[in-house]
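Before any comments, here is the structure.
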2 protein chains.
Amino acid sequence: MTSDLDLPDDLFLFHPGDAEDARRTLSFRRTPTVLLTFAANRFTRLASREYQARFGIGAMDWRMLVMLAREPGTGVNHAARTIGIDKAAVSRSLRRLADLGLARLDDGSTAARGAWRLTGQGAALHDRILDVALDRQSKLLDGFTRAEVSAFADYLRRFLGNLDDMAADGTTQTNATQRSD
Amino acid sequence: MTSDLDLPDDLFLFHPGDAEDARRTLSFRRTPTVLLTFAANRFTRLASREYQARFGIGAMDWRMLVMLAREPGTGVNHAARTIGIDKAAVSRSLRRLADLGLARLDDGSTAARGAWRLTGQGAALHDRILDVALDRQSKLLDGFTRAEVSAFADYLRRFLGNLDDMAADGTTQTNATQRSD
DNA sequence: GACCTTGTGTTGTCAAGTCAACAGGGACAG
DNA sequence: CTGTCCCTGTTGACTTGACAACACAAGGTC
């Protein structure tokens with residue numbers, strides 16, 4: 001609990017300089033949660049548009065491709081918990097991917113416990129988009145040293161951990177996101 | 001352009017260990033854009049739910065309260081550019097806030113160029129939520145030193161800057177988010 | 001003053017994701 | 001074997017934000 005000592009609220013507040021009738025409120029430039037939200041929204045929107053235009057799938061479907069590339073045989077629930085979105089959205093995304101011929105159910109899998117994997121076509125598309133995604137990311141991390149990138153990722157992981165703690169406090173059901181590798 | 005030298009793609013890749021049929025793809029733990037998206041999605045969802053339950057407004061409306069607290073007399077377009085979301089969403093949010101008696105148009109402002117500000121009730125609600133928001137954020141930054149928080153914010157700002165550059169490259173219209181304070 | 005241009009705000013439509021309710025299969029106790 | 005419980009996945013209703021098209025006022029030019 002170092003935060004109470006080291007992080008006075010004042011650090012994050014915007015103080016109306018020449019006053020008029022502005023109020024004491026959040027600083028946009030110094031408040032991590034604000035910056036985080038801005039950055040993620042803009043990033044997702046841009047990526048979604050580009051992937052849709054170039055490859056015909058959205059950002060959500062791309063995430064599912066990665067998920068299936070990483071863990072063939074994944075089910076809806078596991079995927080939803082891993083990437084932290086609703087299982088309904090996952091279910092619909094998988095249906096889209098199946099319709100496009102990019103993913104399929106394992107032969108032995110029932111409707112109740114589906115095991116999904118990429119088709120050959122899906123794997124090929126995944127590899128193509130992966131190149132683009134890495135290129136985009138390298139542009140977005142332009143100017144970062146390797147150590148800074150590591151620190152950035154470390155901060156985000158810790159933030160996510162605290163987020164899981166907070167979510168676990170609020171609800172009985174432990175719905176915390178699973179993260180591996 | 002240090003990134004090309006310092007950031008080999010390999011840094012971000014997940015390598016299937018015991019192989020089976022997993023593919024080379026993005027690492028979830030080490031890829032900043034992935035972590036960023038996860039963190040922001042989960043944060044917004046949790047915050048939205050809590051604010052809705054406790055105060056009857058969503059995360060979007062809360063952002064507008066902050067915007068109006070910071071710059072009374074703001075118009076739809078300026079607000080949309082500042083907080084980086086669509087002006088249509090801003091327009092509808094302002095209507096909601098007006099219906100709730102939390103915001104109002106300046107007396108002298110026309111429909112075409114509206115100047116919005118908080119009502120007394122809106123200002124009071126803003127101050128109440130601000131306390132909650134600061135408390136939430138302090139929980140989420142638990143374990144961070146002051147220096148780390150600064151570095152975190154700095155990375156996010158730089159990321160956002162690169163994002164704006166990328167968006168500017170893609171489109172003629174310079175739609176970059178304005179950030180002040 | 002009439003015209004054009006520009007910027008602002010509103011609205012219709014669509015896609016995406018969440019929540020809640022439900023269907024259906026497995027596992028397990030008796 | 002059978003009933004119960006739990007877990008998984010699907011679907012419908014709803015909310016939110018994005019995109020695009022439009023209406024409209026303001027300002028400048030001739």
Side-chain angles (χ1 to χ4, degrees), chain A residues 37-38 40-53 56-64 73-99 103 105-106 108-116 167 171 173-175, chain B residues 37-38 40-53 56-64 73-99 103 105-106 108-116 167 170-171 173-175 177:
Chain A
T37 311
F38 287 4
N41 281 350
R42 292 179 58 75
F43 171 75
T44 300
R45 194 180 341 158
L46 271 178
S48 204
R49 205 159 12 167
E50 175 167 355
Y51 295 162
Q52 189 73 53
I57 67 174
M60 167 68 204
D61 296 328
W62 161 236
R63 268 176 263 171
M64 281 306 304
T74 301
V76 169
N77 252 293
H78 178 65
R81 273 196 297 265
T82 303
I83 63 185
I85 59 177
D86 197 82
K87 60 181 178 170
V90 170
S91 176
R92 293 190 171 107
S93 172
L94 284 173
R95 181 167 304 267
R96 273 195 303 274
L97 294 181
D99 286 346
L105 268 171
D106 266 357
S109 62
T110 67
R113 188 182 182 83
W116 290 82
T171 59
Q173 51 179 346
T174 169
N175 215 1
Chain B
T37 311
F38 287 3
N41 281 349
R42 292 180 57 74
F43 171 76
T44 300
R45 191 180 343 156
L46 271 178
S48 204
R49 205 158 12 166
E50 175 168 355
Y51 295 161
Q52 189 73 53
I57 67 175
M60 169 68 206
D61 295 328
W62 160 238
R63 267 176 263 173
M64 281 306 303
T74 300
V76 168
N77 252 290
H78 178 63
R81 272 195 296 266
T82 303
I83 62 186
I85 58 177
D86 197 80
K87 60 181 179 172
V90 171
S91 176
R92 293 190 171 107
S93 172
L94 285 172
R95 179 167 306 265
R96 273 195 303 273
L97 294 180
D99 288 345
L105 268 172
D106 266 357
S109 62
T110 67
R113 188 183 180 78
W116 290 83
T171 59
Q173 52 180 347
T174 169
N175 214 3
T177 306

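Protein chains get the first letters and strands the later ones, always in sequence-line order, with residue 1 at the start of each. Note that the coordinates shown come from a computational prediction; the quantities given were computed from them, not determined experimentally. Note: hydrogens, waters and symmetry copies are ignored here, and every other heavy atom, side chains too, is used.
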I want to check one thing: is the phosphate of D/dC19, taken as OP1 and OP2, less than 4.0 Å away from some side-chain N or O of A/Arg49? yes
Can you give me the closest heavy-atom contact between A/Ser48 and A/Gly58, atom names plus distance? OG-CA, 4.1 Å
Sorted by chain and residue number, the side-chain contact (heavy atoms from CB on, under 4.5 Å) partners of B/Thr44 (sequence neighbours excluded) come out as A/Thr37, B/Ala59, B/Arg63
Would you classify A/Arg92 as touching base, sugar-phosphate or nothing, given that sugar-phosphate means primed atoms plus P, OP1 and OP2, and contacts are heavy atoms under 4.0 Å? base
Interatomic distance, A/Arg81 CZ vs C/dT18 C1' [rounded to whole Å]: 17 Å
Checking contacts here: which listed nucleotide (C/dA16, C/dC19, C/dT8) is nearest the side-chain heavy atoms of B/Asn77? C/dT8
If I take atom CG in residue B/Leu97 and atom P in nucleotide D/dT16, what distance separates them, rounded to the nearest angstrom? 12 Å
The reported gap from CG in A/Leu97 to CH2 in A/Trp62 (rounded to nearest 0.5 angstrom) is 11.5 Å
At how many degrees, to 10°, do the end axes of the helix from C/dG1-D/dC30 to C/dG30-D/dC1 meet when each uses five pairs? 0°
Does A/Ala79 have any side-chain contact (heavy atoms from CB on, under 4.5 Å) partners at least two apart in sequence or in another chain, and if so, which? A/Met64, A/Met67, A/Thr74, A/Val90
Between B/Met60 and B/Ala89 the two heavy atoms that sit nearest each other are CE-O, 4.0 Å
A/Ile83 atom CD1 is separated from C/dG17 atom P, nearest whole Å, by 9 Å
Please pick, from C/dT8, C/dG17, D/dG17, the nucleotide with the shortest atom-to-atom distance to any side-chain atom of A/Met60. C/dG17
Quick one: which of C/dT11, D/dT10, C/dT10 gets closest to the side chain of B/Ala88? C/dT11
Check every atom of D/dT11, D/dT16, D/dC19 against the side chain of A/Arg95 and return the nucleotide holding the closest atom. D/dT11
Distance, rounded to the nearest Å, where B/Asp61 contributes CG and D/dG17 contributes C1': 12 Å
Residues in salt bridge (charged side-chain N to carboxylate O under 4.0 Å, His left out) contact with B/Arg96, at least two apart in sequence or another chain: B/Asp61
Value in whole Å for how far the C1' atom of D/dT8 lies from CG of A/Asp106: 16 Å
Under 4.0 Å, counting only non-hydrogen atoms across every strand here, what does B/Gly58 touch: a base, just sugar-phosphate, or nothing? nothing
Spacing between A/Met64 atom CE and C/dG17 atom P, to the nearest angstrom: 11 Å
Kindly write out the residues that satisfy side-chain contact (heavy atoms from CB on, under 4.5 Å) with A/Ala88, not counting sequence neighbours, or none if the list is empty. A/Asp86, A/Arg92
Pick the closest DNA chain D nucleotide for A/Arg45 and for A/Val76 by heavy atoms, then say which residue is nearer the 5' end. A/Val76
If you round to the nearest 0.5 Å, how far is NE2 of B/His78 from OG1 of B/Thr82? 3.5 Å
Please give, in whole Å, the distance from C/dA16 P to A/Arg63 CZ? 11 Å
Distances under 3.5 Å between nitrogen or oxygen atoms of protein and nucleotides 4-6 of chain D:
none

Pairwise side-chain contact, B/Trp116 with B/Asp106, heavy-atom cut-off 4.5 Å (strictly under): no
Nucleotide of D/dT11, D/dC19, D/dT16 approaching A/Ser91 most closely (side-chain heavy atoms): D/dT11
From CG (B/Asp99) to CG (B/Leu94), nearest 0.5 Å: 11.0 Å
For DNA chain D, whose closest nucleotide is more 5', that of A/Asn41 or that of A/Asp86? A/Asp86
Can you identify which nucleotide, out of D/dG9, C/dT10, C/dG9, has its nearest atom closest to the A/Lys87 side chain? D/dG9
In whole Å, I'd like the distance from the CD1 atom of B/Ile85 to the P atom of D/dC19. 12 Å
